[in-house]
Engineer: 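Got a structure for you, questions after.
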2 protein chains.
Amino acid sequence: MASADRKQRIKDETRQNILDAAMRIGRAEGWQALSMRKIADIIEYTPPVIYEYFANKEALMLELTKVGYRILAKDMKIARDKHQLPEKQLEDMWLTYWNFAFAEKELYQLMFGIEVNCCVWDNSVPEAEIPANMIWEVIGELTGMENPPEDLICKRYYTFWSVVHGLISINLVRQGVPEGMNEEVLKDAITGIIRSIKP
Amino acid sequence: MASADRKQRIKDETRQNILDAAMRIGRAEGWQALSMRKIADIIEYTPPVIYEYFANKEALMLELTKVGYRILAKDMKIARDKHQLPEKQLEDMWLTYWNFAFAEKELYQLMFGIEVNCCVWDNSVPEAEIPANMIWEVIGELTGMENPPEDLICKRYYTFWSVVHGLISINLVRQGVPEGMNEEVLKDAITGIIRSIKP
DNA sequence: ACATTTGCCTAACACTGTTAGAAAAATTAC
DNA sequence: GTAATTTTTCTAACAGTGTTAGGCAAATGT
């Protein structure tokens with residue numbers, strides 16, 4: 001039947017509507033406020049329908065984290081392509097990461113939060129590796145070496161990530177961090193690590 | 001009545017039993033598995049009784065974070081008093097912080113986790129300031145100055161905290177971090193920041 | 001011995017995620 | 001076009017959550 005296409009199309013549409021609804025609730029009220037029934041209300045179906053598109057709530061949220069990683073990857077690509085020098089690229093990429101975290105507070109917490117469900121985080125989210133790989137590459141370039149040793153890049157990567165993610169976490173929880181402190185600490189740390197990498 | 005004392009004593013006891021039960025559940029099954037009914041089961045009362053000791057679940061958990069801060073503060077004091085040199089003290093204190101996070105995974109997440117309830121974190125947890133102040137002091141000493149400027153200490157403190165907390169968070173979520181990576185990144189970062197402070 | 005306070009429990013409300021099975025709608029077969 | 005079948009959707013329920021109102025019974029005060 002030719003109507004099979006149409007049916008598939010509206011099924012895809014409904015699936016997307018579910019994701020959109022969930023994202024809207026999460027962004028507006030936080031993930032603790034997200035419920036299957038609220039999603040059902042928005043898409044104008046009854047709750048069980050959602051289970052025809054997602055195995056359960058956790059699977060649904062995992063899908064949302066993938067959306068998050070795609071946005072982050074896109075942002076970071078733009079940041080990278082604005083510069084030629086690896087050190088400038090790296091700086092801008094981490095700044096972009098930082099900005100993403102606050103522009104998409106809830107989404108960031110879903111992706112990197114401690115408590116939230118998606119804790120297994122094996123390789124079930126391949127999207128998560130795109131931003132990571134982008135950073136890796138640029139760190140590699142920055143060393144100036146032909147074949148930079150894996151574990152050196154790895155170490156620098158984790159150092160970067162720790163500072164940035166740590167600073168973000170602290171800010172997301174504690175909203176009393178002195179004004180201007182963040183930018184300074186962030187930039188200091190980034191340039192500091194970059195300096196330690198450059199040949 | 002002399003029995004008033006006894007009554008107060010068993011009331012204190014029950015309160016402590018509630019906290020103990022909650023802690024036990026949290027440590028064993030994670031905070032998402034903590035429920036008022038489970039606590040009630042353990043202390044062999046019905047759920048409403050708990051509300052005579054704590055306003056609600058959130059208040060109860062806030063109390064648990066205070067317990068966490070007291071443990072952390074105690075550990076850190078011991079670490080500090082093992083050394084004379086400020087740089088050694090600082091190093092050991094952060095290492096202790098690190099060890100605490102993994103020895104008390106669940107508790108750490110309750111204290112510093114992003115998702116969990118206790119997100120207001122104004123000054124409702126004075127205990128939280130003890131470990132922070134201890135670090136501040138030693139950073140101050142390390143500068144070698146008479147009156148070290150507030151914002152310099154503040155900046156170093158946040159840099160320290162970011163790296164350590166970030167690294168911990170990453171490890172608590174992602175259990176695939178390469179072996180030996182953590183210690184190296186941690187020690188490198190700590191000694192790096194210390195070097196930048198020393199006169 | 002009676003009155004009052006205290007401690008504790010039962011029952012309920014309004015939620016949550018999730019599932020089984022009935023009803024309705026659309027599709028296919030004749 | 002009607003009948004059978006498949007697909008889609010809903011209703012109702014289960015087991016769990018935090019929290020509260022109201023009542024029973026035991027301990028206390030007079």
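Values reported hereafter were calculated over all heavy atoms of this structure, with side chains retained and with hydrogens, waters and symmetry mates removed. Every chain is numbered from 1 and lettered A, B, ... according to where its sequence line falls, protein lines coming before strand lines.
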Engineer: If I take atom CH2 in residue Trp31(A) and atom P in nucleotide dG17(C), what distance separates them, rounded to the nearest angstrom?
Structural biologist: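 Between P of dG17(C) and CH2 of Trp31(A): 13 Å.
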Engineer: Among Gln8(A), Arg15(A), Gln16(A), Arg9(A), which one satisfies side-chain hydrogen bond (donor to acceptor under 3.5 Å, both in side chains) with Asp12(A)?
Structural biologist: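 When side-chain hydrogen bond (donor to acceptor under 3.5 Å, both in side chains) is applied between Asp12(A) and each of Gln8(A), Arg15(A), Gln16(A), Arg9(A), only Gln8(A) qualifies.
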Engineer: Charged N to carboxylate O below 4.0 Å: is that the case for Lys155(A) and Asp188(B)?
Structural biologist: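 Looking at Asp188(B) together with Lys155(A), the answer is yes, because their closest N to O distance falls below 4.0 Å.
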Engineer: Without decimals, in angstroms, what is the distance between Gln32(A) CD and dC15(C) P?
Structural biologist: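 So the two atoms are 16 Å apart, to the nearest Å.
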Engineer: Ion pair present between Lys38(B) and Glu29(B), side-chain N to carboxylate O less than 4.0 angstrom?
Structural biologist: yes
Engineer: For Ile39(A) and dT9(D), give me the distance from atom CD1 to atom P, rounded to whole Å.
Structural biologist: 17 Å
Engineer: For Tyr97(A), run the ring pair (Phe, Tyr, Trp, His ring centres under 6.0 Å) check against Tyr69(A), Tyr108(A), Phe160(A), Phe102(A) and tell me which one passes.
Structural biologist: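 With Tyr97(A) as partner, ring pair (Phe, Tyr, Trp, His ring centres under 6.0 Å) holds for just one option, Tyr108(A).
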Engineer: Tyr45(A) OH to dC10(D) C1': how many Å, rounded?
Structural biologist: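 Checked: the OH to C1' distance equals 12 Å.
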Engineer: Rounded to the nearest angstrom, tell me the gap between atom CD1 in Ile50(A) and atom C1' in dC10(D).
Structural biologist: 13 Å
Engineer: Using whole Å, what does the distance between atom C1' of nucleotide dA26(C) and atom NZ of Lys11(A) come to?
Structural biologist: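 Between C1' of dA26(C) and NZ of Lys11(A): 14 Å.
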Engineer: One character per nucleotide, please: for nucleotides 18-27 of chain D, 5' to 3', B when the base has a protein heavy atom closer than 4.0 Å, S when only the sugar-phosphate does, - otherwise.
Structural biologist: BBB-------
Engineer: How close or far is atom P of dG16(D) from atom CG of Asp41(B), stated in whole angstroms?
Structural biologist: 11 Å
Engineer: So, does Thr143(A) use its side chain to make a donor-acceptor pair with the main chain of Met145(A) at under 3.5 Å?
Structural biologist: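 Such a contact is found between Thr143(A) side chain and Met145(A) backbone.
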Engineer: For Leu60(A) and dT16(C), what is the distance between atoms CG and C1' respectively, to the nearest whole Å?
Structural biologist: 15 Å
Engineer: Between Arg27(A) and Glu104(A) (salt bridge meaning N to carboxylate O under 4.0 Å), is one present in this structure?
Structural biologist: yes
